Amino acid sequence: MSFAELGLIPELQKAVADAGYTEPTPIQRQAIPIVIAGHDVMGGAQTGTGKTAGFTLPLLHRLARHASTSTSPARHQTRALILAPTRELAMQVYESVKTYSKYVPLRATCIYGGVDMNAQIQELRRGIEIVIATPGRLLDHVQQKTINLSQVEMLVLDEADRMLDMGFIPDIRRILGLLPAARQSLLFSATFSDEIKKLADQMLKNPQLIEVARRNMVSETITHVVHPVSSGMKRNLLAHLLRHQPDTQALVFVDTKIVCGRLAHFLERHGISADAIHGDKSQQQRTETLEAFKAGKLRVLVATDVAARGIDIDELPYVINFELPHTAEDYVHRIGRTGRAGHKGNAVSLVCAEEKHWLNDIQKLIKLEIPQEIVPGFEPEPEFFEAGSRGGRGRRGSADKADGGRERAPRAAQPAAPRAERGGKRPGRSTIAPDGFDFSKPYESSIAAPAAETAGTTAKPDEPPRRGQRPVAFLLGGLGRK
DNA sequence: AAAAAAC
């Protein structure tokens, strides 16, 4: 099976060949003919399956074919609109469109917030057939009348479930209202909740269903492992692990922006090249950091879930969950950054006692029992092994409520104990680990952020995650929380 | 629970 057999015009086949691809992936085999035929599509493809090319190629095909067969007055009007939930994702789709459109006379641009609007306005004035955008800035342009969506023939909603999570639905509806009713629409989503189905009902006509991998499934090329560890020792364990894989890159996920910045700083100060990416960084910083990581100039990228979905990094060998995500779906998305395109990948999670509950949710969703390996010198607190599979969740939850102490008590004991004991607790063994990491330094002092970074923040970097108060949600399982 | 996204 070749791209030629899928019916793509020669200009696109040539661009595909230039990019080094010879065989379409399963989703491309399915999606390309359906989109070329003009059908609406509801696509459920796992990431790393070639989904982006799966819709950009037939989209370019249709636009190019149409332009060549008519003297359209709508030349250089916006004819295709692709919406993505994050700026980086929009940029990535834009790169794909640019790659494949090099031999067709179609213009594309990327529209997102956080950067100067004037440059985008200038660009739009040139006449742009394909606009890739995040919803907020697009509506901004609509309001300023610097974009006209009345001639849009094709709409793509990428990562629709993510858009839903992020509260984009009102924006999406507004945008849908600005588009011609006679158009082709494609909707891609990793999961199919009722809300997604509702949205699909509203925006798709007789959609063809494309579902390559069973939803929520994770790539079989990924090796999962959990390292049980006390929350206070996570940073040190991370440094330890990274030192034992000196030549590999890793994407490290954390739950909050504060931990994100501090962890990157911690790694830097321990000789591991690292930077942070999260929503409070300037767009320029975000772009530069991601580029540096993709180019291999940066060894470790510490990220919030801004980078959890869709971001494509060539042959990334490691995704490390420094903190376990609180929903199982997020785990699937995060680790989906590795093991892409048939490559091998490793999903490593550092899990403390408080996070065991989420681990159970994850294992249930991915239908896999993740092996647990304790790294010598980084043993978890004894609580980790208590109370079987539920990790003492209910017990702790009710205790917190009962003492009315804003769940201070159990948590205060947590950082305090290791801090006081760290220096003296390990006299029996060398305080210098085999990898050269100096464990003799007290925990707090070895991670203390410089004054500038600490100023204005109150949260502790390694505070154990707050316990979720979702007793009902647990019982409901995946039935329908949220 | 926090994250993301428009000014």
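These numbers come from a predicted model, not from an experiment. To find a chain, count down the sequence lines: A is the first, B the second, and so on, and within it residues start at 1.
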_For A:Y331 against A:H224, the heavy-atom pair lying closest together_ = OH-ND1, 2.8 Å

*Heavy-atom pair of closest approach, residues A:A250 and A:L242*: CB-CD2, 4.0 Å

*Only counting residues at least two apart or in another chain, list the ones meeting salt bridge (charged side-chain N to carboxylate O under 4.0 Å, His left out) with A:R286.*
A:E88

With the side chain of [X] defined as its heavy atoms from C-beta on, choose the nearest nucleotide among [options].
{"X": "A:Y112", "options": "B:dA1, B:dA5, B:dA6", "answer": "B:dA6"}
{"X": "A:F168", "options": "B:dA5, B:dA1, B:dA3", "answer": "B:dA5"}
{"X": "A:T304", "options": "B:dA1, B:dA3, B:dA5", "answer": "B:dA3"}
{"X": "A:R87", "options": "B:dA3, B:dA1, B:dA5", "answer": "B:dA5"}

Classify the nucleic acid contact of [X] as base, sugar-phosphate or nothing, counting any heavy atom under 4.0 Å across all strands shown.
{"X": "A:G114", "result": "sugar-phosphate"}
{"X": "A:D330", "result": "base"}
{"X": "A:R286", "result": "sugar-phosphate"}

Nucleotide [N], atom [atom2] - distance to [atom1] of [X] in whole Å:
{"X": "A:R334", "N": "B:dA2", "atom1": "CZ", "atom2": "P", "value": "13 Å"}
{"X": "A:I172", "N": "B:dA6", "atom1": "CD1", "atom2": "P", "value": "11 Å"}
{"X": "A:K257", "N": "B:dA3", "atom1": "NZ", "atom2": "P", "value": "5 Å"}
{"X": "A:Q120", "N": "B:dA6", "atom1": "CD", "atom2": "P", "value": "9 Å"}
{"X": "A:L139", "N": "B:dA6", "atom1": "CG", "atom2": "C1'", "value": "9 Å"}
{"X": "A:L83", "N": "B:dA6", "atom1": "CG", "atom2": "P", "value": "11 Å"}
{"X": "A:E159", "N": "B:dA5", "atom1": "CD", "atom2": "C1'", "value": "15 Å"}
{"X": "A:K281", "N": "B:dA3", "atom1": "NZ", "atom2": "P", "value": "14 Å"}

_Looking at B:dA6, I'd like to know if its phosphate oxygens (OP1 or OP2) sit under 4.0 Å from a side-chain N or O belonging to A:T134._
yes

_Check this for me: does any side-chain nitrogen of one of A:K51 and A:E159 sit under 4.0 Å from a carboxylate oxygen of the other?_
yes

*Between CG of A:L290 and CD1 of A:I277, what distance do you get to the nearest 0.5 Å?*
5.0 Å

